[in-house]
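Heads up, the thing below is written out as structure tokens.
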Amino acid sequence: MDVISVIIPAYNEEENIQMIYEKIIHEFLRLPYDVEMLFINDASTDHTLDQIKQLSAKTSKVKYISFSRNFGKEAALLAGLQHISGRAVIIMDSDLQHPPYLIPELIKGYEEGYDQVIARRNRKGERLFRKLCCSAYYKLINKVVDVKLEDGVGDFRLLSDRAVQAALSLNEGQRFSKGLFSWIGMEQKIIDYENVLRENGETKWSFSKLLNYGLDGILSFNHKPLRICFYTGTFILLLSVIYSALSFIHILKEGIDVPGYFTIITAVLLLGGIQLLSLGVIGEYIGRIYCETKKRPPYLIQETNIMNGVTYEKNRPRIYPIRDHRGN
Ligand code: UDP
Ligand code: MG
């Protein structure tokens with residue numbers, strides 16, 4: 001039987017591990033595929049890893065990778081994609097917000113020949129403020145970046161082997177998967193589903209984390225923000241040249257009049273603001289270049305039960321040998 005892998009990033013999800021495992025197994029009972037569940041424990045501080053280990057002791061269907069510290073969900077997804085062995089992969093959160101009942105539909109899309117079968121949620125039940133922010137953000141980002149990003153479309157999707165290879169061939173360190181998956185293109189099918197609210201545990205996304213994630217999305221995909229600075233700068237420069245010329249003519253004709261404080265202050269503040277903004281944007285890009293040039297691995301593995309069947313390619317992070325509690 002062909003194997004389909006499921007990548008499940010988990011950070012402090014102890015209440016959810018057993019449940020998501022059971023639900024996924026339940027779905028696969030009715031499918032002509034074997035399942036390989038790969039949990040990525042992002043250095044949880046609760047008993048998430050113990051829960052996963054208990055499952056993996058019970059069945060070889062459960063594999064895990066545990067990070068040496070919290071590297072974030074993007075790194076977890078990358079680790080997952082690099083270590084799966086199935087023919088296709090489904091990416092889903094561990095908090096059951098990505099409902100496992102959609103698995104058969106995702107696989108059906110794969111059988112129809114699609115390389116990406118994407119689950120798209122609506123925003124039912126979310127707070128109005130978050131809804132408004134998100135919809136404004138997606139309007140903005142689609143104007144600014146080259147790839148198409150859709151509201152409600154996240155990482156919950158099935159990728160064919162080809163799509164996985166394509167996603168892995170983009171080897172940037174600071175990843176924005178949503179955008180990368182859109183960038184690789186290929187045949188795509190969308191499945192709509194009703195938003196599910198989290199029942200156990202808490203979201204790991206604070207407002208500031210979301211803001212940073214949003215900024216990553218804009219900055220990872222092109223240099224348009226730099227260009228916007230350039231155009232704004234040029235526009236302001238033109239305006240000030242015209243203004244100076246007009247003032248000069250006025251002075252020649254009428255002589256100098258003292259008032260002008262308001263104009264000067266406005267000009268200084270406006271230009272100062274624009275300069276700071278532009279510097280900020282440039283700084284962001286330089287920061288990114290700095291991080292990329294260091295070529296640090298995107299994550300480090302503390303512990304895993306994946307022993308065989310994994311090929312290590314150049315530049316892939318190494319797996320540390322499994323240690324048991326005695327350190328052997
Ligand atoms: N997650 C992770 N590392 C982190 C934060 C989150 O692996 O640093 C996992 C988390 O366990 C969950 C998924 O990423 O499975 C999505 O996180 P969350 O539910 O907090 O995000 P939300 O659904 O609120 O966007
Ligand atoms: Mg969630």
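Computed from a predicted structure; not experimentally measured. Residues take their numbers from the sequence shown, with the count starting at 1. Counting starts at 1 for both ligands and their atoms, in listed order. Note that these values count all heavy atoms, side chains included, but never hydrogens, waters or copies made by symmetry.
For atom 14 (O) of ligand 1, the closest heavy atom belonging to the protein is Lys73 CD, 3.2 Å. Of the protein's heavy atoms, Trp205 CD1, 3.4 Å lies nearest to atom 25 (O) of ligand 1. Protein heavy atom closest to atom 9 (C) of ligand 1, with residue, atom name and distance, is Pro9 O, 4.0 Å. Of the protein's heavy atoms, Thr203 OG1, 2.5 Å lies nearest to atom 24 (O) of ligand 1. Protein heavy atom in closest approach to atom 18 (P) of ligand 1: Arg198 NH2, 3.5 Å. Protein heavy atom in closest approach to atom 16 (C) of ligand 1: Asp93 OD2, 3.2 Å. The protein heavy-atom contact nearest to atom 5 (C) of ligand 1 is Lys204 CB, 3.6 Å. In terms of protein heavy atoms, atom 1 (N) of ligand 1 is closest to Tyr11 CB, 3.8 Å.
In this structure, Ile103 CD1 and Ile90 CD1 are separated by 5.0 Å, a value rounded to the nearest 0.5 Å.
The atoms of ligand 1 that sit less than 4.0 Å from any heavy atom of Asp42 are 2 (C), 3 (N), 4 (C), 7 (O), 8 (O). Against a heavy-atom cut-off of under 4.0 Å, Gly72 is close to the following atoms of ligand 1: 3 (N), 8 (O). Set against the non-hydrogen atoms of Glu13, the atoms of ligand 1 under 4.0 Å away are 10 (C), 11 (O), 12 (C), 15 (O).
Contact annotation: for Asn70 versus ligand 1, heavy atoms closer than 4.0 Å belong to the side chain alone. Heavy atoms of Ser94 found under 4.0 angstrom from ligand 1 belong to the backbone as well as the side chain.
No donor-acceptor pair under 3.5 Å is formed between the side chain of Asn122 and the backbone N or O of Glu194. With hydrogens and angles ignored, the 3.5 Å screen pairs a side-chain donor or acceptor of Asn305 with a backbone N or O of Val62. For Asp161 (side chain) and Arg87 (main-chain N/O), no donor-acceptor pair under 3.5 Å exists by modelled atom type.
Considering backbone and side-chain N/O of Asp95, one or more are found under 3.5 Å from N/O of ligand 1. For a threshold of 3.5 Å applied to N or O pairs, the pair formed by Ala76 and ligand 1 contains no separation below that value.
Classified by interplanar angle (parallel below 30°, tilted 30° to 60°, perpendicular above 60°), the ring pair Phe176/Tyr213 is tilted. Note on ring orientation: taking the six-membered ring where Trp is involved, the planes of Phe67 and Tyr299 are parallel (angle under 30°, cut-offs 30° and 60°).
Both tests do not hold together for Arg30 against Phe28: distance to the six-membered ring centre under 6.0 Å, angle to the ring axis within 45°.
The atom of Asp95 nearest to the Mg ion (ligand 2) is OD2, with the search restricted to N, O or S atoms.
Checked by atom type, the side-chain pair Glu13/Thr48 shows no donor-acceptor distance below 3.5 Å.
Around OH of Tyr285, the count of heavy atoms belonging to other residues, nucleotides or ligands within 6.0 Å exceeds 12. The 12-atom threshold is exceeded at NZ of Lys189, counting heavy atoms of other residues, nucleotides or ligands nearer than 6.0 Å.
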